[in-house]
Amino acid sequence: MAVERTLSIIKPDAVAKNVIGQIISRFEDAGLSVVGARMLQLTREQAEGFYAVHKERPFFGELVDFMISGPVFVQVLEGEDAIAKNRDLMGATNPKEADPGTIRADFAESIDANAVHGSDSAENARTEIDFFFKSDELCSR
Ligand code: RTP
Ligand code: MG
């Protein structure tokens, strides 16, 4: 397994619930490290650009409205097999279908307000990390 980086977003619902720290602990306990992070309020243009791959989907409008409904916490996680490991820790997109003990099972309310985003491939991880961070804003251990 290779050391990888992946983009994680703690979405507005989880930020509003004040569980940023609890979610980061899940990542750290699984062997992932935060190598860059910041809190921001996405603009509509940023949210539309970030989720452009979904722009033809019926849920696109709701997804963008939700992602700009409050601040988000964006972070880059680094570690062995980080992309798949993050997806495993997140759980299924719909929290009702997420395995017990996953972040979405424990912190999410609905398929829209589902607590976290995680990159789903190495190529998308690179694109998504570059969307939010300059290289000198990321620091490996
Ligand atoms: P994410 O991109 O946020 O990490 O989530 P994901 O890979 O598990 O799911 P994806 O298919 O990429 O969808 C992105 C987000 O759109 C919302 N969604 N709503 N109503 C629906 O059928 C539906 N499907 C997806 C979710 O909030 C999902 O996280
Ligand atoms: Mg996705």
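Each ligand, and each atom within it, is numbered from 1 in the order the structure gives. Index from 1, following the sequence.
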| Under a 4.0 Å heavy-atom cut-off, which residues neighbour ligand 1? |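 Heavy-atom contacts below 4.0 Å: Lys11, Tyr51, His54, Phe59, Leu63, Arg87, Met90, Thr93, Arg104, Ile111, Asp112, Asn114, His117, Gly118.
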| To the nearest 0.5 Å, how far apart are CG in Asp13 and CZ in Phe66? | 3.5 Å
| request: Walk me through it: do Val76 and Val34 pass the test side chain to side chain contact (heavy atoms under 4.5 Å, CB included)? | output: CA-CA 6 Å; Val76 177; Val34 178; over 6 Å; no
| With sequence neighbours excluded, what pairs up with Glu4 under the salt bridge (Lys or Arg N to Asp or Glu O under 4.0 Å) test? | none
| request: Kindly indicate whether a cation-pi arrangement holds for Arg38 with Phe133, taking the cut-offs as under 6.0 Å to the six-membered ring centre and within 45° of the axis. | output: yes
| task | Using a strict 4.0 Å threshold on nitrogen-to-oxygen distance, state whether Asp65 and Arg44 make a salt bridge. | result | yes
| Applying the side chain to side chain contact (heavy atoms under 4.5 Å, CB included) test to Phe73, which of Ile9, Ile20, Leu40, Ile23 qualifies? |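 Between Phe73 and the candidates, side chain to side chain contact (heavy atoms under 4.5 Å, CB included) is satisfied uniquely by Ile20.
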